[in-house]
Amino acid sequence: MIVSGSTSQSLAAALAEATGEALAGVEFERFPDGELMGKVGEFEADRAVVVASTVSSDAHIELLQLQDAVREAGAEEVVTVLPYMGYARQDAAFEPGQPVSVRAMARAISTGTDRVLTVNPHEPDVTDHFSVPAETVDAAGLLADPLPEDLVEPVFCSPDEGAIGIAETVRETYGGGETDFFEKTRLSGSEVEIEPSDTDVEGRDVVLTDDIIATGSTMSESVAVLEERGAARVFVTCVHPMLAANAHTKLARAGVETVFGTDTIERPVSAVSVAPVVADSL
Ligand code: R5P
């Protein structure tokens with residue numbers, strides 16, 4: 001059965017449809033002292049696939065509870081799908097005294113599962129931190145689906161070299177165009193500087209691709225640079241549309257017309273579902 005965390009209910013339903021596995025009933029409660037309880041309804045299956053994007057600390061707790069609840073209900077195998085894995089960007093102790101948060105989360109998640117799947121993590125070697133078999137799922141190709149077929153001399157561009165693989169996959173799935181990347185310097189958690197490349201974008205459609213839009217700073221700066229250089233239409237795409245705090249406003253003020261992502265994080269801009277690629281890996 002497919003068991004959904006509160007953060008991944010649309011994706012879990014799509015996954016149930018794609019795999020033919022039943023969607024379990026779930027309930028989420030909060031006690032007066034603030035504690036949470038995620039619980040599963042009638043459970044009749046050997047395998048439980050728990051699907052939960054850990055977009056918040058509460059979502060982490062809920063996931064651990066659902067893993068425990070399905071074992072308690074008799075699941076012999078538990079597979080945990082992390083469409084988006086939170087805390088994965090703190091993948092090193094960058095300053096003395098800091099934790100490797102991704103490792104701490106992976107250890108906790110490993111205790112309640114037999115296997116883990118996660119979609120386009122910030123660094124692919126995140127899988128090394130789990131003590132059970134863990135695999136990554138690449139959903140980048142799906143970002144080509146909502147693009148119009150009439151892109152003019154398209155450039156598929158990532159805001160930094162680290163995300164060029166996503167731009168290349170989207171270009172390949174789209175079936176034509178050029179790839180490119182910018183240089184990004186992070187000034188603070190919410191401020192970045194973007195240095196464009198020499199590629200001539202004047203009059204061309206540009207598809208900006210990244211793994212995640214968090215505060216929207218990276219994308220809004222990238223769009224500003226493209227507008228200065230006379231790009232035609234600019235499409236802003238990402239796998240994980242976190243869009244935290246005022247990210248939407250920032251993007252709108254930068255003149256972004258089209259922004260979309262997948263349902264690894266369920267947002268109004270989640271134009272495409274990762275259910276088919278997750279189902280394949282299941
Ligand atoms: C960083 O390396 C990531 O790939 C994203 O570019 C970054 O996390 C986006 O963050 P923000 O939207 O806050 O600029």
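Along the sequence shown, residues carry numbers from 1. Numbering of ligands and ligand atoms starts at 1, following listing order.
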Taking atom CD of Q65 and atom CG of L36, what is their separation to the nearest 0.5 Å?
->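 One gets 6.5 Å once the value is rounded to the nearest 0.5 Å.
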Modelled atom types, side-chain donor and acceptor of S6 and E62, under 3.5 Å |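 There is such a pair between these side chains.
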For ligand 1, what is the set of protein residues having any non-hydrogen atom at a distance below 4.0 Å?
->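 For ligand 1, the residues that come within the 4.0 Å heavy-atom cutoff are R89, H122, D160, K184, R186, D210, D211, I212, I213, A214, T215, G216, S217, T218.
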Under 4.5 Å between side-chain heavy atoms, chaining through other members, with only Ile, Leu, Val, Met, Phe, Trp and Tyr counted: pull out the rest of the cluster around I164, sorted by chain and number.
->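 Members other than I164 - counting any ILVMFWY side chain reachable under 4.5 Å - are F181.
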Decide, yes or no, whether a salt bridge links D200 with R229 under the criterion of side-chain N to carboxylate O below 4.0 Å.
->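 No, D200 and R229 are not salt-bridged.
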Between K184 and E195, does at least one N-O distance fall below 4.0 Å, as a salt bridge requires?
->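 No salt bridge links K184 with E195.
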Are F130 and V79 linked, directly or through other ILVMFWY residues, by side chains that come within less than 4.5 angstrom of each other?
->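 Each belongs to a different hydrophobic cluster.
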